[in-house]
Every structure is written in structure tokens, then in C-alpha cells.
Engineer: 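Quick one: the structure is below, and I'll ask about it shortly.
Each chain gets a letter, A, B and so on, in the order the sequences are listed, and its residues count up from 1.
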There are 2 protein chains.
Amino acid sequence: MGVLPNLLGYNVRRAQIALWRDFSRTVGEGEVRPALFSLMILVEANPGIAQIDIANQLDIDKATIVGLVQRLQKRSCVVCRQSTVDRRRQGIYLTDRGAAELRQLRQEMLEHEARFTRLFSSEELAQLFALLRRIHP
Amino acid sequence: MGVLPNLLGYNVRRAQIALWRDFSRTVGEGEVRPALFSLMILVEANPGIAQIDIANQLDIDKATIVGLVQRLQKRSCVVCRQSTVDRRRQGIYLTDRGAAELRQLRQEMLEHEARFTRLFSSEELAQLFALLRRIHP
DNA sequence: TATTGTTATACTCTATAACTATA
DNA sequence: TATAGTTATAGAGTATAACAATA
């Protein structure tokens with residue numbers, strides 16, 4: 001088949017597609033994908049976080065965040081409240097419904113994770129994490 | 001920042017985005033991305049390969065291949081010739097121009113790869129490959 | 001009946017550029 | 001001037017469903 005299997009980028013991409021597929025088919029009834037899930041996790045852990053902070057933490061452009069937040073607003077999972085100290089900022093908060101949904105999502109996500117992490121010993125997993133983090137410092 | 005950095009899926013996704021960005025900015029003047037590149041590599045290594053075989057090797061749906069092949073046809077990088085033994089099949093071949101373009105692309109891709117592989121010792125790299133392959137068997 | 005290629009359609013995620021309101 | 005959010009637009013890559021031609 002050639003050189004492809006010996007390329008780092010190819011192997012990471014294939015792994016990512018495999019994970020994405022399993023996630024899509026098992027988490028959130030196919031309506032929530034990794035990016036949206038990450039955003040919910042972030043909002044839960046940082047109530048009132050602003051879009052710009054999300055963009056920086058996830059290392060993606062702030063314009064990309066807008067659409068994700070709007071999708072969560074439409075699902076009534078988050079609300080935005082303008083900051084009183086800096087009116088440019090809008091704090092994002094999980095709603096009760098969002099929190100409930102996230103509980104379910106987290107459960108499904110953990111089962112999804114487990115289907116892959118159980119392929120590794122804990123030493124191997126720690127090693128894999130360390131190596132991947134060197135790629136996205 | 002919470003639980004995200006301890007998730008396998010999150011780390012693979014972040015690594016993939018980092019690799020994708022570097023690839024986009026350094027290979028093929030931003031006009032060729034990993035999927036198209038993979039397809040060219042596959043066609044070069046298997047002259048006359050059919051779309052269905054590409055789909056199987058890359059583990060993506062055959063409908064997805066159509067658009068990629070058409071883009072390469074428009075760039076005059078590949079040609080399709082109907083098989084004489086099974087007229088449903090269309091063998092895909094790299095043109096001279098495609099081969100020349102691929103030589104340039106491969107050089108840029110190797111430099112791109114090197115920017116990441118040099119973050120690891122050869123043992124670490126072998127380990128990383130082995131671990132990633134367990135995720136996409 | 002099954003397979004190959006195709007079309008149509010839709011979705012996620014990302015990006016850039018330019019704008020508004022605010023600081 | 002700089003920052004936060006937004007809008008508009010674009011593009012890659014994936015998927016499903018249905019179809020024609022061929023086997």
C-alpha cells in the first residue's frame with residue numbers, strides 16, 4: 001500500500017476518524033459531536049467563560065466559537081449574559097437543561113472512551129498522552 | 001481547565017488539528033490537503049486502482065472518493081480509463097503532470113513530517129505509531 | 001442480486017476578512 | 001488603538017440515500 005502507513009499525519013488522522021465515528025454513533029444520539037461536547041465541558045468547568053477564552057483554550061479562531069455557542073443556545077443548553085464590568089464580554093453559563101444533558105453525554109462519552117482506552121495498559125496510555133501532547137503543545 | 005486534557009479523543013483531535021494546520025500552510029501552496037495527497041500517493045503506488053479500492057484502503061465511503069478524484073482530474077493530475085474486463089471499473093492513473101506535482105508535494109510533505117517527527121526519538125516514534133494503529137485497526 | 005461509480009444533499013469543523021460595540 | 005463578539009463567506013472532509021450501468 002505504500003508509504004502512507006509510515007506517516008505520522010496519516011496515522012493520527014486515521015485514529016481521529018475512528019474515534020470520531022465511534023463518538024458520533026454512541027454519544028448524544030448522533031446530535032452532539034466532539035467540538036460541541038468540548039465546549040459544554042469547558043462552560044461547565046468555567047461558568048461565565050467568554051468566547052474569546054474558549055477560543056484560546058481550544059486553540060481555534062474566535063469566529064468558529066460563535067456558531068458552536070449559537071447551536072448550544074438553540075438547544076437551550078447555555079445562556080449568555082453580558083458582563084457588567086466589560087460590556088464587550090458575554091459570560092456563557094450552562095442551563096439546568098444543559099447540565100442535565102451534559103450528565104448523560106458525559107456518561108456516554110466515558111463509555112466511548114473506555115472502548116478505546118482499554119486497548120492499552122495504563123503505562124501505554126500515559127505514554128500515548130505524553131507523545132500526543134508533544135504534537136500539540 | 002478540567003477533564004478535557006485527560007481524554008484520549010481530545011488529545012488525538014488536538015494533535016490532528018496541529019498537523020493539519022502545518023500541512024495546509026506548508027504543502028502544495030495551501031491547495032492540497034491530506035486527503036487529496038493520500039489519494040495521489042495511493043494512485044501512484046497502485047496505477048489503475050479503482051475508486052472502490054481506494055475507499056476500502058482509506059476506510060471511507062466510496063461516495064466521498066468521487067469528489068476527490070474529480071478535483072484531481074480538474075487539476076489534470078489523474079486520468080480515468082474504463083477497464084476492458086469489467087466496464088463498471090475505472091482505473092485511475094497519475095498523469096505526467098500529476099507525477100511531477102507529486103514529486104514536489106512529497107518533498108514538502110517530508111519537511112512537514114520532519115517538523116513533528118523530530119520531536120521524538122526513533123523509539124518513541126515507533127511506539128507512537130504502534131499505539132495509534134491500535135486505535136484504527 | 002450484487003457491485004461500481006455517480007449524484008444529490010447535508011452536516012461538522014475550520015478559516016479569513018471585515019464589521020460593530022466597547023474599552 | 002486594541003479587544004470581544006459577530007457576520008459573511010468559503011472550503012475540506014465526511015455521511016446517507018438513491019440511482020444507472022454492469023456483472
Engineer: Do any of residues 19-35 of chain A sit with a heavy atom less than 4.0 Å from DNA chain C, and if so which?
Structural biologist: A:W20, A:R33, A:P34, A:A35

Engineer: Could you list the residues that satisfy side-chain hydrogen bond (donor to acceptor under 3.5 Å, both in side chains) with B:R71, not counting sequence neighbours?
Structural biologist: none

Engineer: What string of B, S and - do you get for nucleotides 18-23 of chain C 5' to 3' if you count protein non-hydrogen atoms under 4.0 Å?
Structural biologist: ---BBS

Engineer: Once salt bridge (charged side-chain N to carboxylate O under 4.0 Å, His left out) is applied, what residue pairs with a partner in residues 127-137 of chain A remain, sequence neighbours excluded?
Structural biologist: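 For residues 127-137 of chain A, and leaving out neighbouring residues, the salt bridge (charged side-chain N to carboxylate O under 4.0 Å, His left out) pairs sorted by first residue read A:R134-B:E124.
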
Engineer: Tell me which pairs pass salt bridge (charged side-chain N to carboxylate O under 4.0 Å, His left out) where either residue lies in residues 31-50 of chain A, with sequence neighbours left out.
Structural biologist: A:E31-A:R75, A:E44-A:R106

Engineer: What residues, two or more places apart in sequence or in another chain, satisfy side-chain hydrogen bond (donor to acceptor under 3.5 Å, both in side chains) together with A:S83?
Structural biologist: none

Engineer: So which pairs with a foot in residues 50-70 of chain B pass salt bridge (charged side-chain N to carboxylate O under 4.0 Å, His left out), sequence neighbours left out?
Structural biologist: A:R21-B:D59, B:D53-B:R89

Engineer: The criterion is salt bridge (Lys or Arg N to Asp or Glu O under 4.0 Å); which residues satisfy it with B:R87, sequence neighbours excluded?
Structural biologist: none

Engineer: Among Ile, Leu, Val, Met, Phe, Trp and Tyr joined by side-chain contacts under 4.5 Å, find the other residues sharing a cluster with A:L8 and list them by chain and number.
Structural biologist: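 In the cluster with A:L8 are A:V12, A:L19, A:F116, A:L119, A:F120, A:L125, A:L128, A:F129, A:L131, A:L132, A:I135, B:L8, B:V12, B:L19, B:F116, B:L119, B:F120, B:L125, B:L128, B:F129, B:L131, B:L132, B:I135.
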
Engineer: Five pairs per end, C1' atoms only: what is the angle between the end axes of the helix from C:dT1-D:dA23 to C:dA23-D:dT1, to 10 degrees?
Structural biologist: 0°

Engineer: Name all residues meeting the side-chain hydrogen bond (donor to acceptor under 3.5 Å, both in side chains) criterion together with B:T26; count only those two or more places apart in sequence or in a different chain, and write none if there are none.
Structural biologist: B:R115

Engineer: side-chain hydrogen bond (donor to acceptor under 3.5 Å, both in side chains) with A:Q104: which residues, sequence neighbours excluded?
Structural biologist: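 By the side-chain hydrogen bond (donor to acceptor under 3.5 Å, both in side chains) rule, A:Q104 matches A:E108.
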
